[in-house]
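One structure below.
All of these numbers come straight from a predicted model, not from anything done at the bench.
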Amino acid sequence: QVQLVESGGGLVQPGGSLRLSCSASGFFFSSYVMSWYRQAPGKERELVAAITSAPTITNYADSVKGRFTISRDNAKNTVYLQMNSLKPEDTAVYYCSAKAYYVYWGQGIQVTVSS
């Protein structure tokens, strides 16, 4: 079965960094556009970053440009989100997604930016 498992979340102070990982299985990973979404309390889910494959093209929400970097390792079936200069407003549950004809979602992982 399809599985997307996020890891690397947690609590970090403002200005700090975290790297999220999403390990995928059960589908042909390299054929999928991989994305990170997030949902903060009381807000709608929003796209944070996306990455294609062959060629590799990235896209970011304006709010994270210059701070976050999405990358993928097709050999490891893994997508990453490096988050630097974190702000309290980055606090949210972060979701990994995979899209081709179908769309798959991970379970989500909490990121909390607070002093």
Taking the side chain as every heavy atom from C-beta outward, state whether Ser53 and Asn74 have any atom pair closer than 4.5 Å. yes
Assess the side chains of Asn77 and Ser25: does a donor N or O sit below 3.5 Å from an acceptor N or O? no
State, without any angle test, whether Thr91 and Glu89 hold a side-chain donor-acceptor pair at a distance under 3.5 Å. no
Are Arg67 and Tyr60 in a cation-pi contact, defined as NZ or CZ under 6.0 Å from the six-membered ring centre and within 45° of the axis? no
Between Asp62 and Lys65, does any side-chain N to carboxylate O distance fall below 4.0 Å? yes
From CD1 (Ile51) to CD1 (Ile70), nearest 0.5 Å: 5.5 Å
Could you go through Thr112 and Gln110, starting from their C-alpha distance and side-chain angles, then the distance that decides it, and tell me whether this counts as side-chain contact (heavy atoms from CB on, under 4.5 Å)? CA-CA 6 Å; Thr112 301; Gln110 180 70 45; 3.2 Å; yes
Point-to-point distance, once rounded to the nearest 0.5 Å, from CE of Met34 to CG of Leu4: 5.5 Å
Should the ring pair Tyr95 and Trp105 be called parallel, tilted or perpendicular, given that the plane angle runs from 0 to 90° and is split at 30 and 60? perpendicular
Linking I/L/V/M/F/W/Y whenever any side-chain heavy atoms sit under 4.5 Å apart, do Val12 and Ile109 land together? yes
Using the rule that Ile, Leu, Val, Met, Phe, Trp and Tyr join whenever any side-chain heavy atoms are under 4.5 Å apart, tell me whether Val64 and Leu18 fall into a single cluster. yes
Heavy-atom pair of closest approach, residues Val79 and Cys96: CG1-SG, 3.7 Å
Please report the C-alpha distance between Trp36 and Phe68 in whole Å, then the side-chain angles of each, then the deciding distance to 0.1 Å, and finally whether the side-chain contact (heavy atoms from CB on, under 4.5 Å) criterion is met. CA-CA 11 Å; Trp36 288 96; Phe68 291 11; over 6 Å; no
Between the side chains of Asn84 and Ser17, is a donor N or O closer than 3.5 angstrom to an acceptor N or O? yes
I'd like to check Ser114 versus Pro88 (side-chain heavy atoms, cut-off strictly below 4.5 Å). Are they in contact? no
Please check if Tyr101 and Phe28 belong to a single hydrophobic cluster, counting links between Ile, Leu, Val, Met, Phe, Trp and Tyr side chain heavy atoms closer than 4.5 Å. no
Decide yes or no on side-chain contact (heavy atoms from CB on, under 4.5 Å) for Arg38 and Glu46, but give the supporting numbers first. CA-CA 6 Å; Arg38 68 186 181 188; Glu46 64 174 343; 2.8 Å; yes
Kindly indicate whether the side chain of Arg19, heavy atoms from C-beta on, has any atom under 4.5 Å from the side chain of Leu81. no
Shared ILVMFWY cluster between Ile57 and Tyr32, side chains joined below 4.5 angstrom? no
Would a 4.5 Å heavy-atom cut-off, applied to side chains only, mark Ser7 and Leu20 as touching? no
Please report the interatomic distance OH(Tyr37) to OG(Ser97), rounded to the nearest 0.5 Å. 5.0 Å
Rounded to the nearest 0.5 Å, what separation is found between the OH atom of Tyr94 and the CD atom of Gln39? 12.0 Å
Same apolar cluster: Val33 and Phe29, side chain cutoff 4.5 Å: no
Given 3.5 Å as the limit, does a donor-acceptor pair link the side chain of Thr69 with the main chain of Gln82, or not? no
Residues Arg72, Thr78; criterion side-chain contact (heavy atoms from CB on, under 4.5 Å); working and verdict: CA-CA 6 Å; Arg72 67 192 294 162; Thr78 302; over 6 Å; no
Does the side chain of Glu6 come under 3.5 Å of the side chain of Gln107 through a donor N or O and an acceptor N or O? yes
Measure the spacing between OG of Ser63 and CG of Leu47 and express it to the nearest 0.5 Å. 9.5 Å
